[in-house]
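The structure appears below as structure tokens.
Numbering of residues begins at 1 and proceeds along the displayed sequence. In listed order, ligands and their atoms are each counted from 1.
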Amino acid sequence: MIPARFDYVAPRTVEEALSALAEYGDDAKILAGGQSLIPAMRFRLTTPSVLVDINEIPGLEYIREQNGHLAIGALTREAALEVSPLVASSYPLLADAARVIADPLVRNRATVGGNIAHADPANDHPAVMLAYGAEVLARGAQGVRAIPVDDLFVGLFETSLAYDELLVEIRIPRPAPGSGGAYLKVERKVGDYAVAAVAAQLTMSGDTCTAARIALTNVSPVPMRSLGAEQALVGQRLTDEVLEAAGQAAAAECDPSADLRGSVEYKRDLVRVLTKRAVRRAAERARGA
Ligand code: FAD
């Protein structure tokens, strides 16, 4: 279908973008990579009267380490994560995810900020950022505020960003020594959204898990952590029994819907298995394997 009629502005600075958002109110939509917004407009699932295209704003595309975190500019394309030596060397959970988001054509346009701001539980970055304990920086008329990702996703396709705020940066804390992470996704075919996926980020002291964050993709209306799985792991040696308990906790806690990707029972069991495997791989990486 052809989208409904809309106006279009292309600000050259963040300040101009914020003015446009303030002027047009929640009739406006920010356009980043357009890989979720344009299809939604074509299906008339959303009919913004104005698009505020942020692609002409310089300085929002970067990946760098500073002050103990990885800073990712909101307009950074997914493809840039795939080829970043910094991501490959120090953020293996993110590197895993970068390779399995959509397909290369989509990854050339899609942005990390757009993936998160869209708050689609089928998108891969929400779970990755929950597992890392990341935060996002939002710029609005009143200045900049930091939002922990734990507080960002508040509903289906809904975040705690205000309509006149721009997500400008994602911050992932540099993992502590002895940490490792992994992202495991099952998709029906290359380029598809997950049937289910699990993000695991652990810290190990010898054989004991001292910290764990586990998050799930496409098995709940809102991107979620599995607190039960985390509790099953922390303070434990990662035996087969402990991994099974974590997998079962995640399977019980998630809330998938039956659809063309599978039944509720299948998706829950996939979460159980993927949790065990993701935790095992994260622990191996934490030990430097
Ligand atoms: P847009 O489509 O431009 O915007 C999405 C939403 O976020 C809009 O509401 C917009 O207003 C808002 N927004 C964008 N940027 C900002 C900002 N800086 N501040 C505030 N709000 C903002 N994703 C996956 O994770 N995994 C997949 O497997 C996957 N498969 C896909 C397959 C196909 C065929 C396609 C077309 C897309 C797929 N996607 C997948 C989605 C893709 O990653 C999207 O690009 C992403 O969800 C949105 O990023 P975008 O930059 O394109 O944002």
Side-chain angles (χ1 to χ4, degrees), residues 3 6 8-11 14 17-18 20-21 24 26-43 45-57 59-61 72-82 94 96-130 136-140 144-145 147 152-153 155-170 183 185-197 199 215-218 223 261:
F6 60 89
Y8 172 87
V9 292
V14 169
L18 295 178
L21 292 173
Y24 298 113
D26 54 10
D27 271 355
K29 277 267 181 205
I30 294 163
L31 175 68
Q35 299 300 302
S36 291
L37 180 57
I38 300 297
M41 289 171 64
R42 292 178 67 114
F43 284 116
L45 297 172
T46 180
T47 52
S49 59
V50 186
L51 289 189
V52 179
D53 182 348
I54 59 173
N55 286 278
E56 300 298 320
I57 302 177
L60 290 178
E61 284 192 51
I72 304 172
L75 262 186
T76 303
R77 309 292 157 176
E78 299 291 354
L81 296 178
E82 275 182 280
L94 182 59
D96 283 352
R99 282 192 289 271
V100 295
I101 290 175
D103 55 52
L105 290 179
V106 172
R107 293 201 291 270
N108 281 339
R109 287 300 304 162
T111 67
V112 182
N115 191 295
I116 294 167
H118 194 48
D120 183 346
N123 277 2
D124 295 289
H125 277 308
V128 170
M129 299 306 165
L130 284 167
V136 300
L137 297 190
R139 277 219 24 210
V144 182
R145 68 181 177 120
I147 309 171
L152 186 66
F153 304 111
L156 182 65
F157 298 109
E158 196 185 344
T159 67
S160 52
L161 288 167
Y163 72 86
D164 56 354
E165 282 182 320
L166 188 65
L167 193 165
V168 289
E169 186 174 290
I170 301 99
Y183 189 67
K185 170 175 175 174
V186 167
E187 52 193 0
R188 292 175 306 168
K189 57 185 169 63
V190 170
D192 195 15
Y193 291 94
V195 178
L216 312 177
T217 297
N218 214 9
R261 293 188 174 85

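Residue-to-ligand polar distances place Ala32 within reach of ligand 1: an N/O pair is separated by less than 3.5 Å. At least one N or O atom of Gly34, backbone or side chain, sits closer than 3.5 Å to an N or O atom of ligand 1. At least one N/O-N/O distance between Leu37 and ligand 1 falls below 3.5 Å. Ligand 1 has no N or O atom lying under 3.5 Å from any N or O atom of His125, backbone or side chain.
For the residue pair Asn218/Tyr193, the side-chain donor-acceptor check at 3.5 Å is not satisfied.
With Asn123 contributing its side chain and His125 its backbone, the two residues share no donor-acceptor pair below 3.5 Å. Panel note: side chain Lys185, backbone Val100; a donor-acceptor pair is recorded below 3.5 Å. Side chain of Asp103 to backbone of Gly191: no donor-acceptor contact under 3.5 angstrom is found.
When each atom of ligand 1 is checked for a heavy atom of Asp124 under 4.0 Å away, the hits are 24 (C), 25 (O), 26 (N), 27 (C), 28 (O). Close approach of ligand 1 to Ala102 (heavy-atom distance below 4.0 Å) involves ligand atoms 26 (N), 27 (C), 28 (O), 29 (C), 30 (N), 31 (C), 32 (C), 38 (C). Atoms of ligand 1 found under 4.0 Å from any heavy atom of Gly33, numbered from 1 in the order shown, are 3 (O), 50 (P), 51 (O), 52 (O), 53 (O). Ligand-side atoms of ligand 1 in range of Asp192: 28 (O), range being under 4.0 angstrom from any heavy atom. Listed by number with element, the atoms of ligand 1 under 4.0 Å from a non-hydrogen atom of Lys29 are 9 (O), 11 (O). Remark: ligand 1 atoms within the under-4.0 Å shell around heavy atoms of Thr111 are 49 (O), 50 (P), 51 (O). Atoms of ligand 1 found under 4.0 Å from any heavy atom of Lys185 (numbered from 1 in listed order, with element): 26 (N), 27 (C), 28 (O). Heavy-atom proximity to Ile54, at under 4.0 Å, picks out these atoms of ligand 1: 18 (N).
Nearest heavy atom pair, residue Ala97 against residue Val128, reads CB-CG2, 3.5 Å. Residue Ala117 comes nearest to Leu161 through the heavy atom pair CB-CD1, 4.2 Å, listed as atom of the first residue, atom of the second, then distance.
Rounding to the nearest 0.5 Å places CD1 of Ile116 at 6.5 Å from CG of Leu167.
The closest approach between Gly191 and ligand 1 falls below 4.0 Å for a heavy atom of the residue.
For atom 41 (C) of ligand 1, the nearest non-hydrogen atom of the protein is Tyr193 OH, 3.4 Å. Atom 52 (O) of ligand 1 has its closest protein heavy atom at Gln35 N, 2.8 Å. Considering only non-hydrogen protein atoms, atom 35 (C) of ligand 1 sits nearest to Val106 CG2, 3.8 Å. Nearest protein heavy-atom contact of atom 13 (N) of ligand 1 is Ala117 CB, 3.7 Å.
The side-chain heavy atoms of Val112 and Glu78, taken from C-beta on, include a pair separated by under 4.5 Å.
Between the choices Leu31, Leu167, Asn123, the shortest heavy-atom distance to atom 18 (N) of ligand 1 belongs to Leu167.
The salt bridge (Lys or Arg N to Asp or Glu O under 4.0 Å) analysis of residues 155-166, with sequence neighbours excluded, yields the pairs Arg145-Glu165.
In terms of the salt bridge (Lys or Arg N to Asp or Glu O under 4.0 Å) criterion, residue partners of Asp192 (sequence neighbours excluded) are, by chain and number, Arg188, Arg261.
We find that Arg77 and Glu61 are joined by a salt bridge, their nearest charged nitrogen and carboxylate oxygen being less than 4.0 Å apart.
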